[in-house]
Participant: 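Have a look at this one.
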Amino acid sequence: MSAPSLTKTTAVTSRRTAPPRPAGRPSRGERFSRGLRRNLTAHGFLIGAVLCFAVFSWYPMIREFFLAFQKTEAGGTHWVGLDNLRTVVNDPAFWQAWRNTLLFTLLALLIGFAVPFLVAIVINEFRHGQGYLRLLVYLPVMLPPVASVLLFKYLYDPGYGLLNEILRFLHLPEQQWLQDPDLAMPSVVIAATWMNMGGATLIYLAALQGIPGELYEAAELDGAGLLRKIWHVTVPQTRLILSLMLLMQIIATMQVFIEPFLLTGGAGPEGSTTTVVYLIYQYAFNFNNYGAAAALGLLLLVLLAGFSAAYARLSRARDE
């Protein structure tokens, strides 16, 4: 009887005399509670962001999808199938809006895509004052769109506008910038480029500063001039960024609304600045035809979803 008791007493003593936990090291329970609080905080912020996306992005898209096949009358809705889509397609303004939107996108790519890249190249050549130049380029983005539009309305004014003053000084014919159907859309593109080029310029500048200087030195040893260095070094090293920015600009310009709406009232002379998004606005708020507005928005959503899928694929390729 004494042997088992001795063994039991030894086991209890060994458990009691276990080596103490190092000072300052939290126990397993403390580590678990600390990690739980940290995860709960992180998930709380994540849930807030998800709720914001759900309420302001996902729900409107889902609601638009169903509304595109419904008609609202006398406070109620009923299914009409593809009638809304037929109404939109048979509207003469439908094709004009798509032509104007594609024209704006094309002009924005020719002007708004090349100019920020060239400005970034010029800023990158400066050894001093880059911070000031970056602020100067990004300043239009920080201005409210209404303030920028008022500035360009002054520049484009046919009577006392600065552009016509310059033309008069040079003894050149004055122009009706926003009243001429042929000049209204290019004028809107110029204003939109100035208002939005700051962000793209900073992205290009960050990509340019990541190019190793040895590549330019090797090009100079081979006798390459400025244009050849840009074409054979700068463009290949920034090809992926250029592709991503191209897709992002296509997606953004296809949704243009603010600039033509504020500069030309939306439609412009002879409908020359009527865009797809402005036509959606007209269907919804001028004609009270929410089904047609949703159907047109659904068409634009499908088109932009293709560009977004391409953008996501290029983003994954960049991360890899």
Participant: Angle between ring planes, Y281 versus F257, binned at 30° and 60°: parallel, tilted or perpendicular?
Facilitator: tilted
Participant: Would you please classify the geometry between the Y154 ring and the Y160 ring as parallel, tilted or perpendicular, with 30° and 60° separating the classes?
Facilitator: tilted
Participant: Decide whether F152 and I258 are clustered together by the hydrophobic rule: side chain heavy atoms of Ile, Leu, Val, Met, Phe, Trp, Tyr closer than 4.5 Å, transitively.
Facilitator: yes
Participant: So, the side chain of Q209 versus the backbone of N124: is there a donor-acceptor pair under 3.5 Å, distance only?
Facilitator: no
Participant: So, the side chain of D180 versus the backbone of Q175: is there a donor-acceptor pair under 3.5 Å, distance only?
Facilitator: no
Participant: How long is the span from the CG atom in L139 to the CH2 atom in W194, to the nearest 0.5 Å?
Facilitator: 7.0 Å
Participant: Between P158 and Q176, which heavy-atom pair has the shortest distance, and what is it?
Facilitator: CB-OE1, 3.3 Å
Participant: Ignoring hydrogens and geometry, is there a side-chain-to-backbone donor-acceptor pair from N100 to Q96 under 3.5 Å?
Facilitator: yes
Participant: Could you check whether any side-chain N or O of T273 sits under 3.5 Å from a backbone N or O of G266, counting only pairs where one atom can act as donor and the other as acceptor?
Facilitator: yes
Participant: Verify, without hydrogens or angle tests, whether N196 (side chain) and A192 (backbone) share a donor-acceptor contact under 3.5 angstrom.
Facilitator: yes
Participant: Would you please indicate yes or no on a ring centroid separation below 6.0 angstrom for Y290 and Y283?
Facilitator: no
Participant: Going through the distances and angles, do V89 and W95 end up as a side chain to side chain contact (heavy atoms under 4.5 Å, CB included)?
Facilitator: CA-CA 8 Å; V89 174; W95 300 108; 4.0 Å; yes
Participant: Do W177 and D157 pair up side chain to side chain, a donor and an acceptor below 3.5 Å, judged on atom types alone?
Facilitator: no
Participant: Can you find a pair of side-chain heavy atoms, one from M195 and one from S148, that are under 4.5 Å apart?
Facilitator: yes
Participant: Quick check on the hydrophobic clustering: are V122 and I230 connected, directly or via other members, by side-chain heavy-atom contacts under 4.5 Å?
Facilitator: yes
Participant: So does S187 get a backbone contact from the side chain of Y156, meaning a donor-acceptor N/O pair under 3.5 Å?
Facilitator: yes
Participant: Is L143 reachable from L135 through a run of I, L, V, M, F, W or Y residues, each pair having side-chain heavy atoms under 4.5 Å apart?
Facilitator: no
Participant: Under 3.5 Å, side chain of S57 to main-chain N/O of A54, donor-acceptor pair present?
Facilitator: no
